[in-house]
2 protein chains.
Amino acid sequence: MNLPAYRQIKDFIQRHISAGHWREGDRVPSEHALTREFGVSRMTVNRALRELTAEHVLTRVKGAGTYVARPRYESTLVEIKSIAAEIAGRGHEHASDVLALDRCQVHPALAVELGLRRGAQAFHSLLLHREKGMPIQVEDRWVNPAIAPEYDLQDFRRITPNEYLMRVAPLQKVEYRIEAQVPNAITRRRLAMAAGEPCLLLHRRTWSQGRVASVVDLWHPGQRYQFTGHF
Amino acid sequence: MNLPAYRQIKDFIQRHISAGHWREGDRVPSEHALTREFGVSRMTVNRALRELTAEHVLTRVKGAGTYVARPRYESTLVEIKSIAAEIAGRGHEHASDVLALDRCQVHPALAVELGLRRGAQAFHSLLLHREKGMPIQVEDRWVNPAIAPEYDLQDFRRITPNEYLMRVAPLQKVEYRIEAQVPNAITRRRLAMAAGEPCLLLHRRTWSQGRVASVVDLWHPGQRYQFTGHF
DNA sequence: GGAAGAAACTTGTATATACAAGTCCGTTTG
DNA sequence: CAAACGGACTTGTATATACAAGTTTCTTCC
């Protein structure tokens, strides 16, 4: 199968870098030089170089040239999917127990985090997610009623809070934190964890329409759950 | 400051989506329509739409049109920097104690993971990273000697293993796993951790030049360390 | 030998035009 | 009514050309 020219140019450059011919900081051939070498237009070469720049393979300095970027060796990008998507991706059965779903007053620290005034109310949902019957995640979530006023009318056994929020509140910004923590006794029991076993906790705060939409703690049993991936 | 035309088109589309005017699955105006609306060439419009597609904001179907992409609400992308880069980014002082650096025989399970034959030898380094004197990470690393034959001749008090491997072994592939684990007593003491406190563990395996280059376990005290970020 | 200026080289953005290839819709035919 | 075909519309890739703006190199002058 014949690749488009701009893809061939990208591959050519990436092969040189992977083979160690060009190292970090080395200058790659100019657009003009690549134009001559590949017999294509400058716009075709430019597209290849711009895409490799967006992918952090190259870096460009106007007037000076195009260089091999500092490899992002020290940065690992980890993608964490929603628990339902992850379980479905394994071909397993996902189910949710709705332990709580109501609207109540938030304590001051949480009001700050949700961007609400003291004494304000928010929706609170507490779910236990299972994979093939086995508890795998406790989802402890608070939702800004201004963003999703009908949150508490949903059936979260049939649709996850994530899926619902995706529909009503386009995502603008995310803040996250991953921690190893010792869970309280209730969470330990809900997740069927052993004594002394820690939790893997993902804390997320999301924004939509210029405001905080949701704050969530996702607790996972440390022995049975890890975030994994590759790229 | 006047933005280039392709950036204005990107912003226009992103504003419509953020405001909720266009939802997931909605079709956005065609290239031809945007050409007329903005009074620019089709290639300029095409660039804007292609870049938004690469950024997962839009999705394109040849012949059919351009649509608002399913929001990646359920996927959190987490970037984990090297400990030295992270500490430097906080403006703090990084230091490493080299606890071990030698070449020895790997046990069978590790040989499999390193892609080496049974009984083969590999380099092993054990470092304690400190931030302003405080232990923050134990780095337990095995390195394939075929990839970095002079690994054991380096001074890892002055350069981190990461930085060294960046130079000699261009990165091709990464596999990772994040876990909450209970550390053994030695690691607990090295990291000055409390009894019962768990570790946040990042396990990475990297490839270079078509082979496994390195396998590393990075242990962090759960109470003092989290992976954090935003986007 | 150093400074200043000009020339050359480089990337950034843009255009009108063209052909390829895919999808969708409306019309015609059986 | 269904299938097939053609036209219109859409994205995918590409070109030669142009001007703007930044960097580097070379030449000239003091």
Side-chain angles (χ1 to χ4, degrees), chain A residues 1-17 21-72 170, chain B residues 1-18 21-72:
Chain A
M1 184 261 267
N2 217 4
L3 286 174
Y6 79 92
R7 292 292 307 277
Q8 295 179 38
I9 298 168
K10 288 177 76 174
D11 289 350
F12 166 87
I13 292 171
Q14 277 171 317
R15 278 200 302 276
H16 270 271
I17 296 173
H21 298 156
W22 296 335
R23 298 305 180 91
E24 172 198 339
D26 283 354
R27 184 138 160 258
V28 310
S30 67
E31 289 185 359
H32 188 214
L34 290 167
T35 290
R36 291 196 303 268
E37 178 162 358
F38 282 86
V40 297
S41 86
R42 197 191 141 213
M43 289 306 96
T44 301
V45 169
N46 178 264
R47 176 176 171 174
L49 298 181
R50 267 195 293 104
E51 287 190 6
L52 289 174
T53 301
E55 291 157 20
H56 305 287
V57 177
L58 300 177
T59 179
R60 305 226 313 152
V61 181
K62 182 178 184 182
T66 306
Y67 305 88
V68 180
R70 166 186 274 274
R72 297 174 50 133
Chain B
M1 183 265 269
N2 218 5
L3 287 174
Y6 79 92
R7 292 292 305 278
Q8 294 178 39
I9 298 168
K10 288 176 74 175
D11 290 350
F12 167 86
I13 293 170
Q14 276 170 315
R15 280 200 301 276
H16 270 270
I17 296 173
S18 288
H21 298 156
W22 297 335
R23 299 303 182 92
E24 170 199 341
D26 284 354
R27 182 138 161 261
V28 309
S30 68
E31 289 184 359
H32 188 214
L34 289 167
T35 290
R36 291 196 302 267
E37 180 162 354
F38 282 87
V40 296
S41 83
R42 198 192 140 212
M43 288 306 97
T44 301
V45 169
N46 178 265
R47 176 177 171 174
L49 298 181
R50 268 197 292 103
E51 286 189 7
L52 289 175
T53 303
E55 290 156 21
H56 305 288
V57 177
L58 300 176
T59 181
R60 310 233 301 155
V61 181
K62 186 178 185 182
T66 306
Y67 304 86
V68 180
R70 165 186 276 271
R72 298 175 45 133

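Letters A, B, ... are given to chains in the order of the sequence lines, protein chains preceding strands, and every chain is numbered from 1. What you see is a predicted model; the values in this text were computed from it and never measured.
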Using side-chain heavy atoms (C-beta onward) and a distance below 4.5 Å, is [X] in contact with [Y]?
X	Y	answer
His16(A)	Phe12(A)	yes
Lys10(A)	Glu55(A)	yes
Val45(A)	Phe38(A)	no
Glu51(B)	Arg47(B)	yes

Original post:
First and last nucleotide of DNA chain D touching chain B, 5' to 3', heavy-atom cut-off 4.0 Å?
Top reply: dT10(D) to dA14(D)

Subject >> DNA chain D-proximal residues of residues 35-52 of chain B, any heavy atom under 4.0 Å >> reply: Arg42(B), Met43(B), Asn46(B)

Subject >> Contact list for DNA chain D against residues 25-33 of chain A - heavy-atom distance below 4.0 Å >> reply: none

Original post:
For DNA chain D, whose closest nucleotide is more 5', that of Tyr67(A) or that of Ala5(A)?
Top reply: Ala5(A)

For [X] and [Y], which heavy atoms make the closest approach, and how far apart are they?
X	Y	value
Arg60(A)	Leu49(A)	NH1-CD1, 3.2 Å
Thr53(B)	Thr59(B)	CG2-CA, 4.4 Å
Thr44(B)	Ala5(B)	CG2-CB, 4.0 Å

Filtered N/O pairs between nucleotides 3-7 of chain C and protein, under 3.5 Å:
none

Between [atom1] of [X] and [atom2] of [Y], what distance do you get to the nearest 0.5 Å?
X	Y	atom1	atom2	answer
Glu31(A)	Ile9(A)	CD	CD1	10.0 Å
Gln8(B)	Asp11(B)	CD	CG	8.0 Å
Leu34(A)	Asn46(A)	CG	CG	11.0 Å

Subject >> DNA chain D: stems of at least 3 consecutive Watson-Crick or G-U pairs whose donor-acceptor distances fall under 3.5 Å >> reply: C:1-30 with D:1-30

Atom pairs and distances, donor-acceptor, side-chain atoms in residues 22-29 of chain B, under 3.5 Å, two or more places apart:
from, atom 1, to, atom 2, distance (Å)
Arg23(B), NE, Gly20(B), O, 3.0
Arg23(B), NH1, Arg167(A), O, 2.7
Asp26(B), OD2, Arg23(B), N, 2.8
Arg27(B), NE, Ala64(B), O, 3.2

